[in-house]
Structures are given as C-alpha cells and as structure tokens.
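Here the structure comes first, spelled out in structure tokens, and everything after it is commentary.
Letters go in sequence order (proteins before strands), and every chain restarts at 1. The figures here come from the full heavy-atom set of this structure, side chains too, leaving out hydrogens, waters and symmetry mates.
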Amino acid sequence: MVGSRAKSGVEAVAISAAALLATLVLFGAFVALRGINPFDVYRVLYLGAFGSWFAIQHTLTQAAPLMLTALCTAVPARAGLLVIGGEGALVVGGVATVLVGVTLMGVPAPVAIALMCMTGTLAGGLWIGAAGALRHYRGVHETISTLLLNYIAIAVMNHLVTGPIRDFSQVLKPASWSVGERFMIGDLPGTSIHWGLAFGVVTCLLVYVLMRRTTFGFAVDILGGNVRAAQMVGLPIGPLVLSTCVIGGAAAGLAGTIEVIAVHGFASASLAVGYGYAGILVAFLARHNPMAIILIATLLGGISASGGLLQRRFDLPDAATLVLRGILFLAVLASSTLYGRLKIFQSRAV
Amino acid sequence: MGAATDLGWWGVLIAVVGGAIRVSTPYLFVSLGETLTEKSGRVNLGLEGTLVMGAMSGYGISYVTGSPWLGVLVAGLTGTLLGLLHAAVCNLPRVNDIAVGIALFLFGTGLAFYLGKPLIEPVAPRLPHLPLGAWSDYPQIRVALEINALFIIGLILAPVLRWGLRNTKWGIMLRTVGDSSDAAKALGYSVNFVRIMGTMAGGFLAGVGGSFLSLYYPGSWNEALSSGQGLMAVTLVIFARWNPVYCFYTSLLFGGATALGPALQSVGITANYYLYGAAPYVLTLGLLISSSSTRHRLVGAPSELTISK
C-alpha cells in the first residue's frame with residue numbers, strides 16, 4: 001500500500017506531465033502552421049537550453065532570478081493570496097541596491113555586498129508587505145494592488161534613472177550610476193554562471209524548510225486552506241498574511257540586488273524585462289512548492305535561453321517563447337481541475 | 001515658442017481635457033467589457049492581453065484591406081475568441097479565474113508580439129474623427145476637440161448598456177448569475193453558458209478598445225503600445241461600481257491623469273515626466289484603497305465575484 005503523501009506526489013507529477021505534453025502538442029501545431037517541423041523546433045529548443053555546457057550555463061543564469069521572483073508568488077499563495085508583484089519588487093530592490101551601493105565607497109567589499117543584499121531584500125519585502133497590509137487592514141485585493149505597484153515601481157525607476165541618479169556617461173540608454181566594479185559578485189568558480197544562482201537555490205531551500213518544517217509554515221497552510229479554521233484555532237491572521245508577503249517580496253527584491261551586483265552594475269530599464277511575470281508561471285507550475293521551483297525555474301530558464309537560437313535557426317520571432325510560456329500557463333491552470341478526480345491516485349478512506 | 005505659450009496654463013488644461021477625450025477611449029471600452037464579464041460573476045484580468053491582440057489584429061486587417069472599420073470588427077472578434085478561451089478554461093471546476101486571467105494576459109501579449117512582427121513597419125489607414133473645434137483659431141483647441149469616432153460610440157454605448165442591464169431579459173439573467181448562481185440554477189439558467197456569453201461580450205469590447213490604440217491614438221502598431229490600460233480598466237470597474245455610465249466618467253478621469261505628463265511637456269515642463277506617468281496607477285491605487293473596506297463589501301459588487309469576497 002502506497003502512502004497517501006507519495007500518491008499525491010505521483011498525482012502532481014502525472015498531471016503536470018500531462019499539461020506539459022498538451023503544451024508541446026499545441027505549440028507544435030502552432031509552429032507547424034508556419035510550415036516548420038515541430039520536432040526540429042523541440043530538438044533545437046533542447047539544444048539551446050541543455051545541449052552543451054555553454055547552453056546549460058546560459059540556462060542556469062536565466063533561472064537564477066526566476067527562482068527568487070517565483071517565491072514572490074509562491075509564498076503568499078500558501079496563505080491563499082495571489083500576489084503578482086514580483087516585477088515591481090525586483091525593480092524596487094534593484095534601485096534601492098544602487099542607492100545604497102553608491103554611498104559605500106570606503107566600505108570593504110564583503111560588508112558592502114552584504115549591506116546591498118539586505119537593502120534589496122528589505123525594499124522588496126516592504127513593497128509587497130505594503131500590499132499585504134492593504135489586504136489585511138483595508139480589504140484591498142492583493143492581485144490588483146501588486147499589479148499597480150509593478151507599474152508604479154517601473155515609473156519611479158524611469159524617473160530616477162533619467163534624472164536624479166542618471167549616469168550621463170552612459171549614452172546608449174538612460175542608466176543610473178554604477179555601484180562600481182569592486183562590488184560586483186562575479187561568477188561561480190570555473191563557470192560563467194553568476195553567484196546569483198547560489199542565492200536563488202539557497203533561498204528556495206531555506207523557504208522550503210520554513211514552509212514545510214516549522215510551525216509558521218504549518219499555520220500558513222491552515223490559513224491558506226481555510227480562513228475560518230485558522231480564525232477558530234486562534235491563529236494570528238494579520239501577522240501571517242503580512243509575513244508571507246514580506247518574505248515573498250524580499251525574495252524578489254533580492255533578485256533585483258543580484259541583477260545589479262551580478263549582471264548590470266547599475267539600474268536601468270533592463271531590470272524590468274519580465275522576470276517577475278515569468279516567476280508567476282514558475283510558481284504555478286511548481287504548485288507553490290519551493291523545492292519544485294528550483295527545477296521549474298531551470299526548465300523555464302532553458303526556454304528563455306534557447307529563444308535566440310530558435311530565432312536564428314527558424315526565423316521565428318523571439319516572442320515565440322512568450323507564446324510557448326502562455327500556452328504552458330493555460331494548460332497548467334486547466335489541468336488543475338484534474339486534481340482529486342482521477343481514481344487511480346485516490347487513497348481509500350481509512 | 002508657438003501659440004502654446006499664448007494660452008499659458010489654460011493650454012495645460014485644454015491639453016489635459018483633449019488628452020482625456022483621446023486617451024480615455026480604450027479605458028472606456030475595456031471597462032464596459034469588464035463590467036459585462038464581472039456582472040456575470042467572473043473577473044477577466046486577461047483583458048490587457050485582449051487589448052494588445054485587438055490592437056495588432058485591427059491594425060493588420062486595416063493594413064491588408066484598407067478599411068479601418070473592418071479592422072475594428074476583426075479586433076472585436078479576436079477579443080471574443082480570447083473571451084471564449086477564458087470562459088472555457090474557467091468553466092472547469094476548481095480553476096481560479098484570476099490566475100487564468102494572468103495567463104491570458106501573458107499569452108495574449110506574447111501572441112500579439114509574435115504575429116505582429118511584420119506589422120511594425122507598414123502604415124495602415126486610421127479611423128476618422130469629427131473636427132468639433134474647427135471654429136477656434138487656437139490650434140490647441142482644434143486638436144483637443146478632434147473627437148474620434150469610437151469615443152462617440154462608447155459615449156452612446158455606456159447608457160445603452162446600463163439600460164440593457166436593468167431592463168432587458170439578458171441583462172437581468174446576467175445579473176442573476178452574477179449575484180447568485182444558485183438562484184440562477186433554480187430558475188433554470190445555465191450559469192456556465194451565461195458566463196461564457198458575458199466573457200465573450202467583454203472580450204469583444206476590449207478588442208475594439210485595443211483597435212483604437214493602433215488605429216487612432218497613438219495610431220501605429222508597436223510592442224510598447226499598451227502600458228497596462230487593460231489592467232487599470234479592471235480596477236476602474238470597481239471604482240465605477242459596476243455601472244456602465246460611471247465607467248464613462250472614470251475613464252475620462254483616468255484619461256486625464258494619463259494625459260497630464262504629455263500636457264505639461266507641451267508647455268515646456270519636462271521635469272519629472274516619468275513621475276507624471278505614474279499618475280494613473282497612483283490614482284487607481286488611491287481610489288481602490290479609499291473605496292475598499294474589510295468590514296463591508298464593495299458597493300455594487302456582484303456577490304459571486306471572487307475579487308470582492
């Protein structure tokens with residue numbers, strides 16, 4: 001007799017696999033309309049994502065911010081909230097990192113880097129935490145408020161990098177002052193993958209332990225399952241709602257710090273390139289499980305990484321990967337109707 | 001300097017009013033569409049994707065056929081199909097309508113960018129406008145009172161929809177389904193069917209709103225065409241209390257907020273341009289905070305709506 005926990009795990013894997021298969025069929029038909037052999041596309045997609053050491057490094061670099069922005073949706077989701085503010089929290093985290101980083105000229109690099117990471121984390125946490133507070137104290141729907149906060153964050157960033165903190169030596173496009181080469185964290189030894197990947201994996205593991213192995217995580221799961229039950233056993237609803245939002249926002253804010261201190265060195269419009277929105281998809285695909293997020297972010301990172309190769313090989317617009325993601329998202333949501341309805345995965349009642 | 005400085009601050013006001021009329025049209029159509037969908041008890045956050053798909057398909061059809069009105073129609077039909085997709089997925093048990101909306105927002109924008117690549121260069125025929133300001137010698141007033149045809153259609157549509165929701169069989173059925181699906185079932189209506197209709201109608205209007213972006217103002221197709229108007233319109237519906245006529249007023253307000261930055265720029269105030277760009281989002285959030293409460297439900301909200309529970 002297989003345990004019910006193992007059975008529900010198998011159920012999740014089977015249903016996700018079905019959704020993935022449906023996506024491959026639908027997207028295959030979509031490219032076939034253009035007269036391109038879908039199997040060739042998938043072969044190139046695989047090569048571009050995982051086909052060589054170079055491709056794998058590119059994929060993992062893409063995956064690093066996705067792990068963190070996915071947590072921004074996944075952690076509040078465990079408490080029953082639908083937060084989609086990862087994009088804004090990342091931008092706010094990145095801008096805050098620059099603002100603090102440029103004041104740390106005389107500080108030793110490790111201390112400065114730690115301070116910048118804390119800044120980004122704090123800024124992102126407060127940003128989404130505000131949405132959590134609005135939800136709890138004013139009843140403002142968190143999906144809409146976080147969405148608006150995304151646009152506000154991007155507008156504020158555009159304001160800052162085109163004026164108050166603009167570095168006029170950057171002539172191609174508006175960008176902020178740089179934090180300086182000394183504060184860049186560089187790559188993992190022997191690779192061209194930046195240290196952000198380690199931050200992403202470690203954060204996911206920590207959040208996994210927090211959500212699955214602590215009383216806090218247990219309380220959040222009860223709240224997410226049934227608000228009335230949580231109220232009846234006297235759980236502190238407000239603090240739980242707020243802390244899940246703060247944790248999620250902090251993760252996305254850290255992604256912003258990493259984009260600054262590992263990739264760009266400054267804040268600019270290239271912070272808002274959709275990692276936040278892709279993170280929502282990662283969270284849903286991973287069913288808000290922080291361990292699964294590591295795997296799914298790598299998969300999605302692979303799709304992004306192979307976009308350029310698809311474009312060169314088949315003359316497909318780079319938006320093809322966006323279409324693939326969109327179909328995948330719809331298929332995953334549609335497949336969520338199957339949970340608990342397939343007889344073979346049901347444990348007999350005791 | 002030109003005549004802009006002659007009018008001084010009046011010039012800013014005229015530019016904001018003119019901008020409000022010009023910019024409000026997509027808000028108006030999306031919010032009217034979302035009102036129909038939400039009255040049936042569902043939220044479609046994917047209307048941003050519908051808006052962009054409508055802009056792309058409308059522009060493409062106008063370019064190929066030479067008829068912008070055919071473009072508007074096809075944009076609406078594209079929106080209808082996306083609405084059908086939303087409704088069909090949401091009809092499955094235990095699927096979250098807000099999450100499906102986010103998925104359709106990403107899918108719609110991605111698909112529009114994918115299909116719209118060849119449309120960035122060509123120039124398509126644009127929609128006509130009425131020069132109501134022709135009497136004036138001031139070019140600003142003339143520009144401000146160029147009333148576009150879709151705005152006039154929206155102006156008529158808003159009270160018609162309000163009347164229809166109150167007085168027709170379809171309107172009453174839609175509201176019954178949105179307020180109590182159990183009551184609707186007891187009366188023998190198919191809840192899922194009514195919601196499919198409501199979401200498809202909403203998609204049609206949002207698609208038409210999108211065609212305005214590419215066929216009138218800004219009047220071309222590119223990937224930065226929409227900056228969340230479709231998403232803001234969803235919030236606007238809450239503030240308009242699910243009333244089509246209030247949708248019209250709030251659309252004007254939002255259009256004015258959006259036009260503030262460009263209006264100030266036209267009189268030479270370019271500082272903080274991007275900060276003024278945040279005005280409509282801050283306004284939306286502020287209105288949402290002031291109209292929400294933990295103690296009572298949103299005024300006028302359909303009871304079945306997940307967003308107000």
Side-chain angles (χ1 to χ4, degrees), chain A residues 30 34 73 77 82 84 130-131 134-141 143-145 147-164 174 274 277-278 280-281 284 316-341, chain B residues 43 45 48-49 85 88-90 92-96 98-118 223 227-228 231-232 234-235 238 271-282 284-285 288-298 306-308:
Chain A
F30 183 75
R34 234 182 149 93
T73 299
L82 181 42
I84 56 177
L134 285 176
R135 163 77 202 206
H136 184 70
Y137 296 109
R138 289 289 311 178
V140 177
H141 198 276
T143 310
I144 302 213
S145 64
L147 197 55
L148 293 169
L149 285 172
N150 286 344
Y151 286 98
I152 294 172
I154 293 169
V156 169
M157 177 191 68
N158 282 331
H159 169 69
L160 290 174
V161 303
T162 52
Y277 291 109
I280 304 168
L281 170 56
F284 271 89
L316 275 174
D318 50 0
T321 55
L322 296 180
V323 176
L324 176 56
R325 277 190 205 167
I327 295 175
L328 183 59
F329 203 161
L330 283 170
V332 166
L333 290 175
S335 76
S336 64
T337 191
L338 294 174
Y339 283 90
R341 291 167 109 204
Chain B
V43 177
L45 268 187
E48 173 74 15
L85 184 58
V89 176
C90 289
L92 299 167
R94 272 179 305 155
V95 173
N96 179 325
I98 297 179
V100 173
I102 299 165
L104 267 177
F105 155 41
L106 298 177
F107 174 70
T109 41
L111 188 62
F113 293 173
Y114 177 89
L115 297 173
K117 269 277 142 60
E223 296 186 355
S227 47
L231 297 166
M232 275 187 288
V234 177
T235 325
I238 300 173
N272 303 330
Y273 178 75
Y274 285 100
L275 225 42
Y276 291 121
Y281 312 107
V282 175
T284 313
L285 192 58
L288 193 59
I289 292 169
S290 64
S291 59
S292 300
S293 164
T294 48
R295 280 188 295 280
H296 59 80
R297 305 165 47 78
L298 293 160
T306 45
I307 218 151
S308 64

- Measuring heavy-atom distances to chain A, does F105(B) have an atom under 4.5 Å in its side chain, in its backbone, in both, or in neither? side chain
- Query: Under the side chain to side chain donor-acceptor pair (under 3.5 Å) test, which residues partner Y274(B), sequence neighbours left out?
  - Reply: none
- Which atoms of V89(B) come close to chain A, meaning under 4.5 Å heavy atom to heavy atom: side chain ones, backbone ones, both, or neither? side chain
- Cut-off 4.5 Å, heavy atoms of chain B, and the answer for I327(A) is both
- Query: Do V100(B) and L330(A) come close enough that some side-chain heavy atom pair is under 4.5 Å?
  - Reply: yes
- Return the option, out of S336(A), A155(A), P317(A), with the maximum number of heavy-atom pairs under 4.5 Å with chain B. P317(A)
- Query: Side chain, backbone, both or neither: which part of I154(A) has an atom under 4.5 Å from a heavy atom of chain B?
  - Reply: neither
- Task: Let me know if S290(B) has heavy atoms under 4.5 Å from chain A in its side chain, its backbone, both or neither.
- Result: backbone
- Task: Compare all side-chain heavy atoms of T235(B) with those of L147(A) and state whether any distance is below 4.5 angstrom.
- Result: no
- Query: With respect to chain B, which residue among G274(A), G326(A), S145(A) yields the maximal number of heavy-atom pairs within a distance under 4.5 Å?
  - Reply: G326(A)
- Just wondering, do L231(B) and Y151(A) contact through their side chains at under 4.5 Å, heavy atoms? yes
- Task: For each of L288(B), L115(B), L85(B), N96(B), tally heavy-atom pairs with chain A at distances under 4.5 Å, and name the one with the top tally.
- Result: L288(B)
- Message: Within the structure provided, determine whether I238(B) and H141(A) are in side-chain contact (heavy-atom separation under 4.5 Å).
- Response: no
- Task: Please flag which part of F284(A) lies under 4.5 Å from any non-hydrogen atom of chain B: side chain, backbone, both or neither.
- Result: side chain
- Task: Ignoring hydrogens and angles, tell me if any N or O in the side chain of R325(A) forms a donor-acceptor pair with the backbone of L106(B) under 3.5 Å.
- Result: no
- Start with the C-alpha gap between L316(A) and Y114(B), add the side-chain angles, then the distance that decides, and say whether side chain to side chain contact (heavy atoms under 4.5 Å, CB included) holds. CA-CA 8 Å; L316(A) 275 174; Y114(B) 177 89; 3.3 Å; yes
- Most contact-rich option vs chain B, by heavy-atom pairs under 4.5 angstrom, among A278(A), P164(A), A320(A), is A320(A)
- Message: Taking side chain as everything from C-beta outward and backbone as N, CA, C, O, which of these in L324(A) sits under 4.5 Å from a heavy atom of chain B? Side chain, backbone, both or neither.
- Response: neither
- Item | I289(B) and L134(A), any side-chain heavy atoms less than 4.5 Å apart | yes
- Task: Indicate yes or no for a side-chain donor-acceptor contact from T337(A) to the backbone of R94(B) under 3.5 Å, with no hydrogens or angles considered.
- Result: no
- Of the listed I280(A), L281(A), L322(A), V323(A), the one with the largest count of heavy-atom pairs under 4.5 Å with chain B is V323(A)
- Message: To the closest 0.5 Å, what do you measure between CD1 (I98(B)) and CD1 (I84(A))?
- Response: 9.0 Å
- Check: D318(A) and K117(B) side chains under 4.5 Å, non-hydrogen atoms: yes
- Message: Which heavy atom of L333(A) sits nearest to which heavy atom of V95(B), and what is that distance?
- Response: O-CG2, 3.6 Å
- Pick from S293(B), A278(B), G277(B) with the largest number of heavy-atom pairs that fall under 4.5 Å of chain A: S293(B)
- Report the option among G116(B), P93(B), G110(B) that has the most heavy-atom pairs separated by less than 4.5 Å from atoms of chain A. P93(B)
- Heavy-atom check, side chain of L82(A) versus side chain of I102(B), under 4.5 Å: yes
